[in-house]
Enquirer: 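Please see the structure below; I have some questions.
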Amino acid sequence: MTVGADQFRDLLRCFAAGVTLVTTRDGDRVHGLTVSAFASVSAEPPLVAVIINRGHAVHPLLAAPGAPFAVNVLAADQAALSERFAFGPEGERFAAGDWTTAKTGAPVLSDAVAWLDCRVEDRHPAGTHVIYVGRVEDGAVPRSESPPLIYWNRGYHTVDPVEPR
Ligand SMILES: Cc1cc2nc3c(=O)[nH]c(=O)nc-3n(C[C@H](O)[C@H](O)[C@H](O)COP(=O)(O)O)c2cc1C
């Protein structure tokens with residue numbers, strides 16, 4: 001027995017996730033896409049994971065050993081950037097936002113809640129997707145007080161504090 005794709009999506013839409021822009025560079029070419037499948041893996045060594053559909057355009061840029069990529073954690077007021085990097089034409093994605101270059105060469109968003117500058121350490125094909133494990137070489141928290149952008153139940157949200165008891 002296994003669940004069908006529709007049931008799978010219905011189950012997974014219950015899980016809230018932050019929204020990031022995963023960005024990379026190969027020479028003069030920059031590329032980025034919206035990714036909510038981002039996870040902390042390990043603090044020592046510092047490893048994170050992003051999970052990207054095999055059909056997406058970014059894979060050739062992440063193919064080289066140690067290929068650079070950044071994970072830019074979006075704030076609640078940056079939903080338009082999430083839409084741009086999910087649905088906008090490739091050539092126009094970086095036309096909005098204040099971009100600088102991290103140590104690896106990956107583009108980073110100056111006013112992200114946080115960004116992590118990484119190099120690909122490992123890749124694991126998994127179904128329709130590839131899990132990229134990145135070693136974090138640098139990072140910053142430009143807007144620690146800004147509430148994050150959350151994707152839940154097929155829409156954008158942000159967070160409210162709750163009392164545990
Ligand atoms: C909120 C949101 C979260 C997304 N998360 C992911 C994700 O985790 N992995 C993924 O492969 N695509 C994800 N996508 C879809 C890609 O951002 C989108 O298909 C993008 O256009 C792919 O890049 P490409 O057009 O350069 O191939 C997400 C889209 C949205 C709107």
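Just so it is clear, the values below take in all heavy atoms, side chains as well, and ignore hydrogens, waters and symmetry mates. Nothing here was measured: the structure is a model prediction, and the numbers come from that model. Remember, it's 1-based here, ligands and their atoms both numbered in the order they're listed.
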Enquirer: Check for me whether R93 has a heavy atom closer than 4.0 Å to any atom of ligand 1.
Expert: yes
Enquirer: Heavy-atom count check: over 12 atoms from other residues, nucleotides or ligands less than 6.0 Å from R9 CZ?
Expert: no
Enquirer: Return the closest protein heavy atom for atom 27 (O) of ligand 1 as residue, atom name and distance.
Expert: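 Among all protein heavy atoms, the one nearest atom 27 (O) of ligand 1 is A57 N, 2.8 Å.
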Enquirer: Taking the ring of W115 and the ring of F69, is the distance between their centroids below 6.0 Å?
Expert: no
Enquirer: Around atom 19 (O) of ligand 1, find the nearest protein heavy atom and jot down its residue, atom name and distance.
Expert: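 The closest one turns out to be H56 CE1, 3.1 Å.
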Enquirer: Closest non-hydrogen protein atom to atom 5 (N) of ligand 1, residue and atom name please, with distance?
Expert: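 Going atom by atom, the protein heavy atom closest to atom 5 (N) of ligand 1 ends up being S36 N, 3.0 Å.
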Enquirer: So which of H59, H124, H56 actually passes ring-ring contact (aromatic ring centres under 6.0 Å, His included) with Y132?
Expert: H59
Enquirer: Testing the 3.5 Å rule here: is there a donor-acceptor pair between the side chains of S146 and D77?
Expert: no
Enquirer: So is there a nitrogen or oxygen of E83 less than 3.5 Å from a nitrogen or oxygen in ligand 1?
Expert: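 Between E83 and ligand 1, no N or O pair is found under 3.5 Å apart.
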Enquirer: Could you check atom 18 (C) of ligand 1 against the protein and tell me its nearest heavy-atom contact, residue, atom and distance included?
Expert: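 Of every protein heavy atom, A86 O, 3.5 Å lies nearest to atom 18 (C) of ligand 1.
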Enquirer: Flag the pair D138 and R119 as a salt bridge only when some basic side-chain nitrogen lies within less than 4.0 angstrom of an acidic carboxylate oxygen.
Expert: no
Enquirer: Between H31 and F85, is the gap from one ring center to the other below 6.0 Å?
Expert: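 No - the distance between ring centres of H31 and F85 does not fall below the 6.0 Å cut-off.
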Enquirer: Looking only at protein heavy atoms, identify the closest one to atom 11 (O) of ligand 1 and say how far it is in Å.
Expert: N53 N, 2.8 Å
Enquirer: Please state which part of I51 comes within less than 4.0 Å of ligand 1, counting heavy atoms only: side chain, backbone, both or neither.
Expert: backbone
Enquirer: Does even one non-hydrogen atom of V35 get within less than 4.0 Å of ligand 1?
Expert: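 Within the 4.0 Å threshold, so yes.
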Enquirer: Under 3.5 Å between any N/O of I52 and any N/O of ligand 1: does that happen in this structure?
Expert: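 Between I52 and ligand 1 (N or O atoms, distance only) the closest approach is not under 3.5 Å.
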Enquirer: Would you mind checking which non-hydrogen protein atom is closest to atom 1 (C) of ligand 1, with the distance to 0.1 Å?
Expert: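 Minimum-distance protein heavy atom for atom 1 (C) of ligand 1 reads Y151 CD1, 3.5 Å.
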Enquirer: Is there a side-chain contact between V113 and L74 (heavy atoms, below 4.5 Å)?
Expert: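 A side-chain contact under 4.5 Å is absent here.
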Enquirer: Considering only protein heavy atoms, which is closest to atom 30 (C) of ligand 1, and at what distance to one decimal place?
Expert: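 Checking every protein heavy atom, the shortest distance to atom 30 (C) of ligand 1 gives T34 CG2, 3.8 Å.
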Enquirer: What I want to know is whether S82 and ligand 1 share at least one N or O pair that is separated by under 3.5 angstrom.
Expert: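 It does not: no N or O of S82 is found under 3.5 Å from an N or O of ligand 1.
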Enquirer: Are a donor atom and an acceptor atom from the side chains of N53 and T128 found within less than 3.5 Å of each other?
Expert: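 On atom types as modelled, these side chains do not qualify, holding no pair under 3.5 Å.
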Enquirer: Can you tell which part of H31 has a heavy atom less than 4.0 Å from ligand 1: side chain, backbone, both or neither?
Expert: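 For H31, the contact with ligand 1 is made by the side chain alone.
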Enquirer: What are the two closest heavy atoms between V30 and E90, and how far apart are they?
Expert: O-OE2, 4.4 Å
Enquirer: For Y156, is the nearest heavy atom under 4.0 Å from an atom of ligand 1?
Expert: yes
Enquirer: I want to check something: taking the side chain as every heavy atom from C-beta on, are V136 and L47 in contact at a cut-off of under 4.5 Å?
Expert: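 When only atoms from C-beta onward are counted, L47 and V136 do not touch, as no gap falls below 4.5 Å.
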Enquirer: From the options G88, A37, G32, select the one whose nearest heavy atom is closest to atom 8 (O) of ligand 1.
Expert: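 The residue whose heavy atom sits nearest atom 8 (O) of ligand 1 is A37.
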